[in-house]
Colleague: 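Handing you a structure now.
Along the sequence shown, residues are numbered consecutively beginning with 1.
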Amino acid sequence: MLKPISTAHRPFVSLTLVFSLLGLLCLTSLTHAEEPAPRQWQFSEELLEPVWKGDTVRGESVLFIRDLRTGQTKASLLFPAQKVLTLTNSAGDITYEEGRDYHWKPGSREITLPENTRIVWKFPTQMRRPANSQRHKLTHRDGHGEIFFGGQLEYHDLQTCITYTHAPVDWSEITPVFDPKVLPRTIKKLQKHDTTSIVLLGDSISTGCNASGWAGGAPFQPAFFGLLQENLQHHYQNRIALTNLSVGGKDTKWALTQVDEVVKADPDLVIIAFGMNDSAGRSAEEFKANTKALIEQIQKKQPRAEFILVAPMLGNRDWIRLKHELFPQYRDALAELTKRGVALADMTSLWTEFFKHKQDWDLTGNGVNHPNDFGHRVYAQVLSTLLIPEDETNAASETSLPPEVFSLWDGKAPVGDDQFEEADVKLTLHRPVKPNGAAIVICPGGGYQRVVTGGEGHGIAAWLNRHGVTGIVLEYRMPHGRTFVPLMDAQRAIRMARAHAKDWGIDPAKVGIMGFSAGGHLASTAATHFDTGDSQAQDPIDRQSSRPDFAILVYPVVTMGETTHGGSKKNLLGPEPTAEMIELFSNEKQVTDQTPPIFLAHAVDDKPVPIKNSQALYAALQEKQIPSKLLELPDGGHGLNGYKGPSWDAWQKQSLEWLAELKFIPQQ
């Protein structure tokens with residue numbers, strides 16, 4: 001039986017010199033802060049899920065260090081791991097293998113490396129430099145040399161990213177909560193989908209330093225303010241006008257000279273983010289007085305402005321320039337300023353907790369006072385929590401049962417030619433309270449590079465549940481040179497739905513598949529490449545047919561020909577695919593009279609994936625007289641305006657009507 005997976009104050013001297021030094025560490029300017037990240041980055045809702053919530057941490061950064069005494073190479077996680085899902089390099093283009101590259105034990109925070117690992121590691125001595133050997137003097141607190149400095153992606157290139165599950169934790173005493181009464185004007189404007197003006201005023205962290213997108217390296221992740229902007233626009237479907245006035249090396253005294261610049265942007269919300277440079281010696285009393293004066297001067301000219309005060313991350317405890325005892329004093333000083341219209345984003349408490357389990361080199365972007373990609377995401381998560389309410393569950397609970405997570409392959413997944421790999425492929429079952437028998441396997445998009453399970457996965461399942469349809473979200477494997485692997489997962493999901501139809505309350509003759517973008521290619525592949533099952537198989541799942549009874553494809557990649565999406569093609573077929581493989585995975589060329597009914601929806605202004613993909617498949621379906629429909633949407637582009645708006649509503653409404661016409665669901 002298939003089982004669900006369990007789910008003091010010190011004299012203030014030489015500040016001009018110190019600020020100059022800290023400003024140089026960023027090697028940036030306002031121009032850098034306002035440059036958009038390269039196109040390679042794709043917004044991921046999952047990466048902005050707070051690390052303190054749920055049971056999964058995605059892309060936590062570590063730097064493996066070899067102990068000179070024991071010879072053991074290891075790094076530590078924030079939480080004891082129940083299951084390690086993936087280890088990749090920070091660029092995300094190398095996935096490491098358990099056993100070959102790393103070891104771990106359930107319930108442990110430690111990840112260890114074997115001798116022949118491909119994972120980057122360093123001796124602790126390599127994390128130091130001789131005194132006066134670097135452009136910036138980063139004297140270690142113990143007096144032995146300097147901390148190794150990385151101005152761009154030096155630390156990024158040394159760090160490894162780990163995604164893993166863990167038992168839930170209670171960090172409620174140190175983490176933010178959403179309260180619409182604290183920032184009422186801003187929240188109301190966001191909820192009305194009005195353009196919202198946000199001004200960020202801060203130091204080098206707020207210019208974006210050491211985020212991979214700022215430095216121009218993979219995975220090209222934006223800094224925290226860019227992530228926040230994307231997240232707000234994704235959730236509220238409105239325009240966020242972000243003005244970043246931050247300058248490296250600056251502090252709260254400088255901030256008081258920028259009031260007119262802040263007001264010039266007509267802000268609804270001002271994010272004030274200082275403290276790292278002040279911590280060279282400015283007292284908490286002066287820090288608080290400067291911040292309070294800044295708020296009052298802005299409010300005098302812009303009465304409706306609201307504020308978020310950022311208590312910063314902790315800098316490297318071993319750098320003698322920083323007065324570490326000041327960070328919690330600054331946090332407490334900012335907390336005393338909070339009131340209606342002024343909120344606190346407390347990064348200080350989070351970093352304090354982080355440092356109980358991890359080293360600075362695990363989290364730093366430059367070695368001393370900037371976050372890496374993971375740290376920028378945590379900044380964005382904290383700010384997002386203050387501005388975005390948790391998903392409403394009351395409405396969903398009326399139509400959906402609690403989701404159940406299953407392992408698709410029980411940890412042993414095929415890769416072809418009777419070869420297998422250890423892979424925990426997840427399938428999440430969303431069952432409606434009042435099922436009508438129909439079920440749909442949902443294949444989110446992601447360019448065959450990742451799986452975007454938010455708006456194109458679990459959100460779709462919740463919508464289907466409202467109409468009595470069971471939603472099955474498939475987190476299929478990425479190809480990584482194994483072209484057939486995603487298809488194997490999709491076929492297995494269809495077979496599994498049929499094999500467990502009675503337990504899951506579905507009709508085995510009403511099992512369809514749905515896909516978006518590259519997930520649409522996978523769904524169209526499953527609809528054109530299938531078999532009837534092996535009646536002699538020992539595994540009852542393998543006895544089931546993998547043919548979906550219908551398919552719904554939304555802005556899908558279909559062809560591998562001239563009008564394909566280049567990234568999806570390369571990720572699926574490799575850089576130099578053969579003509580045979582291009583033909584085989586151009587699904588408009590694989591339609592037969594056995595192909596199931598297919599509904600397609602595509603915007604005419606979709607540039608990444610041209611509508612010709614859907615048009616070619618629709619023409620082939622019509623030629624074979626397969627029941628089909630193509631809904632050509634007038635606008636929305638790729639992603640249909642972020643999963644909302646008239647075009648998005650149109651395909652949902654018409655696809656349900658189409659299913660009803662074909663008797664897969666009751667009339668809507």
Colleague: In terms of relative ring orientation, are H638 and Y555 parallel, tilted or perpendicular, with 30° and 60° separating the classes?
Modeller: perpendicular
Colleague: Cation-pi check for F420 against K412: NZ or CZ below 6.0 Å from the six-membered ring centre and within 45 degrees of the axis, yes or no?
Modeller: yes
Colleague: D489 vs W409, test: side chain to side chain donor-acceptor pair (under 3.5 Å). Steps then yes/no.
Modeller: CA-CA 9 Å; D489 291 349; W409 300 103; 2.7 Å; yes
Colleague: Is it true that K510 and D549 make a salt bridge, defined as a side-chain N closer than 4.0 Å to a carboxylate O?
Modeller: no
Colleague: Step by step, work out the side chain to side chain contact (heavy atoms under 4.5 Å, CB included) result for V473 and H430.
Modeller: CA-CA 8 Å; V473 180; H430 296 263; 3.9 Å; yes
Colleague: For side chain to side chain donor-acceptor pair (under 3.5 Å), just list the numbers for N465 and T399, CA-CA rounded to whole Å, side-chain angles, deciding distance to a tenth of an Å, and then say yes or no.
Modeller: CA-CA 6 Å; N465 286 176; T399 56; 6.0 Å; no
Colleague: For the pair E657 and K653, find out whether any cationic side-chain nitrogen is under 4.0 Å from an anionic carboxylate oxygen.
Modeller: yes
Colleague: State plainly whether the residues R482 and E421 are in salt-bridge range, i.e. N to O under 4.0 Å.
Modeller: yes
Colleague: List for me each residue that meets salt bridge (charged side-chain N to carboxylate O under 4.0 Å, His left out) alongside R377, sequence neighbours excluded, and say none if there are none.
Modeller: none
Colleague: With a 6.0 Å cut-off on ring centres, are W651 and W463 close enough?
Modeller: yes
Colleague: Any side-chain to backbone donor/acceptor pair from D606 onto I611? Under 3.5 Å, distance only.
Modeller: no
Colleague: Under the criterion side chain to side chain contact (heavy atoms under 4.5 Å, CB included), which of V557, N613, V609 is the partner of T563?
Modeller: N613
Colleague: Just jot down the side-chain contact (heavy atoms from CB on, under 4.5 Å) partners of S647, sequence neighbours excluded, or say none.
Modeller: L633, P634, D635, L640
Colleague: Has S628 got a side-chain atom pairing as donor or acceptor with I598's backbone, closer than 3.5 angstrom?
Modeller: no
Colleague: Could you give the side-chain donor-acceptor pairs of residues 434-445 under 3.5 Å, partners two or more places apart or in another chain?
Modeller:
unit_1	atom_1	unit_2	atom_2	d
N436	OD1	A438	N	3.0
N436	ND2	H467	O	2.9

Colleague: Are the side chain of R547 and the backbone N or O of F530 linked by a donor-acceptor pair below 3.5 Å?
Modeller: no
Colleague: Can we say D542 and R492 salt-bridge, meaning some charged N sits less than 4.0 Å from an Asp/Glu carboxylate O?
Modeller: yes
Colleague: Walk me through whether D531 and R495 qualify under salt bridge (Lys or Arg N to Asp or Glu O under 4.0 Å).
Modeller: CA-CA 10 Å; D531 60 63; R495 298 188 209 274; 2.9 Å; yes
Colleague: Do the side-chain N and O atoms of K53 and Q381 include a donor-acceptor pair separated by under 3.5 angstrom?
Modeller: no
Colleague: Counting only heavy atoms from other residues, nucleotides and ligands, does the tally under 6.0 Å from CD of Q191 exceed 12?
Modeller: yes
Colleague: In terms of heavy-atom contacts, does NZ of K612 have more than 12 from other residues, nucleotides or ligands at under 6.0 Å?
Modeller: no
Colleague: Hey, would you say the F550 and F599 ring centroids sit under 6.0 Å apart?
Modeller: no
Colleague: What verdict does the salt bridge (Lys or Arg N to Asp or Glu O under 4.0 Å) test give for D268 and K189, after you've listed the backbone C-alpha separation in whole Å, the side-chain angles of each residue and the deciding distance to 0.1 Å?
Modeller: CA-CA 9 Å; D268 299 297; K189 195 160 189 179; 3.2 Å; yes
Colleague: Between F585 and F484, does the ring centre distance come in under 6.0 Å?
Modeller: yes
Colleague: Main chain of D503, side chain of H500: is a donor-acceptor contact present, judged purely on distance under 3.5 Å?
Modeller: no
